[in-house]
Amino acid sequence: MSPPATTKTYDYDAIVGALTAARSSIYNKNPQTDQAILLTALLPHEFPTIPPPDANDIQSLLSKYKKLLKHVPLSPKLTIQYIFDSSFDPSQSAKSIVESSLNAYPGSSLLWCWLLHLEPSQENFERALDQVGFYELDEVFYDGDEMEGAESESRNFSIWTRYREFLVRNNDTNGLLNSFVWQATLPIPSNFSLPASLAAFASKLAPPPPQDSISAALAMVDERRRANASLTASRADFEQEIHISEVAEIGQGKVGAGAGSVGVATAYYNYATAVLSEKKPKNKELVEEEKEEEEEHPFVLAQKIFERGLADCPTIDNLWLEYLKAAIRSPSSASSIHNISLRSIRNCPWSAGLLEIAIATAPTSKAMAKLGTEGLSSGFLADQNSYLKVHLACARWHKAELVKLSEDFTGSDSEQDKADDLIDELRSCYKNAFKSLKKHFPKNSQQQYHSLMKSEAWSESYIVRFFSDDDDDDDKEHDSSPLNPSNMATKAWEKLVKNDNTLSTWSSYIEYLTSKMTSPQHLQALSALLRRAIARVELTEVAPLVIKYVEMEQSYQTVGNIFKAEFLGNNKMKKIAEAQQDADQNKALNSTSDSSAPRSKKRRLSDDSDDEEATKQHFVMAGHLKFPAHPTTVYVKNLHTKAEEYDLGEIVEKAKCGPLIHIRIIRDKKSQESKGAALIQFEESVSVERCLKLSDVVSVHGMALVIERSRYPAITSYVPRASKVKLIKTKPVTAETEASGSATTATTTKTKTATTTTTTTKTTTTKPKPKFLMKPGAIVIKKKKKFLSPSPKSEEEDVDMDTSMDNSNSISPPKSNAQFANLYKS
């Protein structure tokens, strides 16, 4: 494919501007030419009669039209100007110009009017009515020879009027009556009467039709109008919406000239979407022909609406895209999708989405390559995302061809050769895409590189592998491994995971490797890949991989490997839980801002509300009795039995609740075990209001705290501003110190006030880890943290020894399955 172009292959505005300037220069030489009429004339009767201009000037003007036609079809307005300008050249055919433009815009009523003016045949009338006769035309097509009596009709019925005049001239009675029956199913203005118009045209026939025939036709008209009343009413509303948007955006004099913009396109899209979703009413009394019309797929009518809208708005790429989506969903339009897409990219060459569809529906590899080359070299694509879409579309075309080939693949030489050619072209697509992005978009293209690498890895793993397996080479010693480094799929996956450590990417790689496993020896490669993934994936996403790894090892590996996998899995899961708990707690604590920091308006309002609540009298219910709440104390429930005063003090300190007086955990008098509750006393009542907001938000040892108002204080008497609690962290005693029988240490702390208090702390030891997270034989030392308080404590050190394990640091697996099960449950 060609590299991206830096300049556009043509400038539409410049060519049209030069063409308009040339027309003005040519026709302004003749004083009889009315320039205003000339540039706005759209219908035959509007054209002025002027002397022929200079032949050389006309040839120069026509060459500009031909130059524009090489790149893009002429809009309806430019087509009619081309017809007028070519009328001075005898070699030009107006009919061929109109027919060519109708191939590009079959929904243009303006072009159909011109064709009927040039060649009013029965065939052309039927074609026009089939394509645009389902709605009322806004264009006026009168040339002065209308029949007497037809003036009462709305001027919006131009093609129908011309068709009936044609039938009258040919004395076709049945055709005239059937035209009114046909039109009865279409939306028409409320001020128009089909019976009156039928009587007016029937009176012009020679001889007039029998009254019985007229009555039968009128009865059928009335029946169809009643049967389709709801549909015609809703469609009439959409027609009105389209008319309003056209007049508002492009003016009454230019309707149908191809100058519509987004507002007009939106009106057409709404109309087509409503038609696709509507259901026609059933009527058993309708004639057989009408029943066949009812069974017609709704896309047939929606297609005509889309074509009509595209004739008015040919440069709105979203309207083309919605048209193609509707065509793809319709089974009857499969053959026309590629033709529609080719028309769309000629009108909107900057749309990568339209070019994608055109490439995907290309019938041959040559046509696909031509579309991709022209799209990349046109200079209209906006950025690297557009170029990436084109390259991936070409790759998808080759993959689709490989999938088709695999349906009846027999492995013959001819089929294998065709598959090899497609595979080579597919790999060339990815290679060219990487080179193109690296050369022309060296910066800010990481996302595009990732998309290409992912697409390449999937293609090699699940499509190319069916036809070409690189693991079949017998001259490589490592070919028996599913992660053969010479395998193209493995190379693609390794390149992808080197730049992307997301869970989805690693999961896809593991899934591919699982599908390649053909022997038990491949389990080692899968296990190694899982360990790599667990080490690389973010902690917040790694849990599914940990579970998969442990389950695989438990199902297939030895006891030693199972123990290692569970050890790794438990450590990883503990880190995940701790990270999540820290994140939740930090989020809760950060929600209360520092009181010393500058306060925002929202914060000031919150503090004012806390102060207001602190001044109120609060009560605590005990059964059916109501007691006044202590103003500076809170009651904490749902407390873990291993929680210490230090844990609670750390939380309220981080939350900036305020200065503390005392923290007391309620314990059993004999065993000194915690009862799962505590009292926290502050110096100020506003601190209570702040602390209450932490209820069900913060947690200790995984249990969310429930904080309520308290009836009792944590301490009965204290000296204000002189008895604050200060957090004291003591150094943990190591195993060597414990073994040597070191004495307890004393720590003297000074309070913030003038009063100095000396406090002796106990020797603390580290907290025990869960047994299933430790190596067998390790000594578990529990670290105790606490607040200084008058509560009685035992001076004995709390040291737990795991007597079931020796002091060895080596991993010794259980001797029996029962022992292993008990250990794993713990």
Side-chain angles (χ1 to χ4, degrees), residues 42-47 76 79-80 83 87 93-99 101-103 105-189 192-210 213-214 216-218 220-221 224 256 289 293 304 307-308 311:
L42 297 176
L43 295 166
H45 71 279
E46 298 176 340
F47 281 151
T79 300
I80 295 167
I83 293 172
S87 64
S93 171
K95 180 185 174 184
S96 63
I97 296 173
V98 174
E99 289 278 8
S101 190
L102 276 173
N103 290 333
Y105 305 113
S108 174
S109 57
L110 193 62
L111 295 177
W112 282 111
C113 288
W114 266 93
L115 181 64
L116 295 176
H117 168 74
L118 297 171
E119 188 178 342
S121 64
Q122 178 72 26
E123 179 184 359
N124 287 339
F125 272 114
E126 290 178 355
R127 289 170 57 198
L129 291 172
D130 179 66
Q131 190 65 44
V132 298
F134 67 94
Y135 68 97
E136 316 314 336
L137 302 178
D138 290 318
E139 292 77 25
V140 180
F141 188 68
Y142 274 44
D143 57 4
D145 62 347
E146 280 76 10
M147 294 187 55
E148 212 176 297
E151 291 81 356
S152 61
E153 269 198 68
S154 170
R155 290 167 66 84
N156 291 336
F157 291 82
S158 55
I159 290 186
W160 285 104
T161 301
R162 298 290 294 186
Y163 179 46
R164 287 162 187 155
E165 292 170 0
F166 174 80
L167 295 174
V168 168
R169 284 194 294 268
N170 289 276
N171 207 27
D172 188 349
T173 302
N174 291 333
L176 179 65
L177 297 179
N178 288 334
S179 71
F180 285 96
V181 176
W182 182 4
Q183 195 179 4
T185 59
L186 306 177
I188 58 175
F192 175 71
S193 173
L194 280 177
S197 181
L198 188 153
F201 274 99
S203 64
K204 305 303 176 183
L205 292 171
S213 300
I214 296 177
L218 290 174
M220 192 171 294
V221 167
R224 292 200 174 192
E289 181 181 356
E293 292 178 2
K304 298 174 183 178
E307 290 290 357
R308 174 188 168 193

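Worth knowing before you read on, the calculation uses all heavy atoms, side chains too, and leaves out hydrogens, waters and symmetry mates.
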Please name the residue in the list W112, W160, Y163 that meets the ring pair (Phe, Tyr, Trp, His ring centres under 6.0 Å) test with F125. Y163
Short question: side chain of K204, backbone of E165 - any donor-acceptor pair under 3.5 Å? no
Is any side-chain heavy atom of L194 less than 4.5 Å from a side-chain heavy atom of Q183? yes
In Å and rounded to the nearest 0.5 Å, what is the CG to CG distance from L176 to N171? 10.0 Å
CG-CZ distance between L205 and R169, expressed to the nearest 0.5 angstrom: 12.5 Å
Any donor-acceptor pair under 3.5 Å linking the side chain of S101 with the backbone of V98? no
Is there a side-chain contact between D130 and K304 (heavy atoms, below 4.5 Å)? yes
With a 4.5 Å heavy-atom cut-off, do F166 and Q122 have their side chains touching? yes
Value rounded to 0.5 Å, distance of CG in D172 from CG in N178: 8.5 Å
When rounded to the nearest 0.5 Å, the distance separating OG of S108 from CD of E307 is 10.5 Å
Rounded to the nearest 0.5 Å, how far apart are CZ of F201 and OG1 of T161? 5.0 Å
side-chain contact (heavy atoms from CB on, under 4.5 Å), that's the test. Do W114 and T79 meet it? Break it down for me. CA-CA 10 Å; W114 266 93; T79 300; over 6 Å; no
Minimal heavy-atom distance between A217 and L198, with the atoms involved, is CB-CD1, 4.2 Å
I need the L167 CG to R164 CZ distance, nearest 0.5 Å. 9.0 Å
What's the shortest heavy-atom distance between Q131 and P106, and which atoms? CG-O, 2.8 Å
For S203 and A200, the nearest pair of non-hydrogen atoms, with its separation, is OG-O, 2.6 Å
Run the numbers on T173 and S213 for side-chain contact (heavy atoms from CB on, under 4.5 Å), then give the verdict. CA-CA 10 Å; T173 302; S213 300; 5.9 Å; no
Checking N124 side chain against L115 main chain: does a donor-acceptor pair fall under 3.5 Å? no
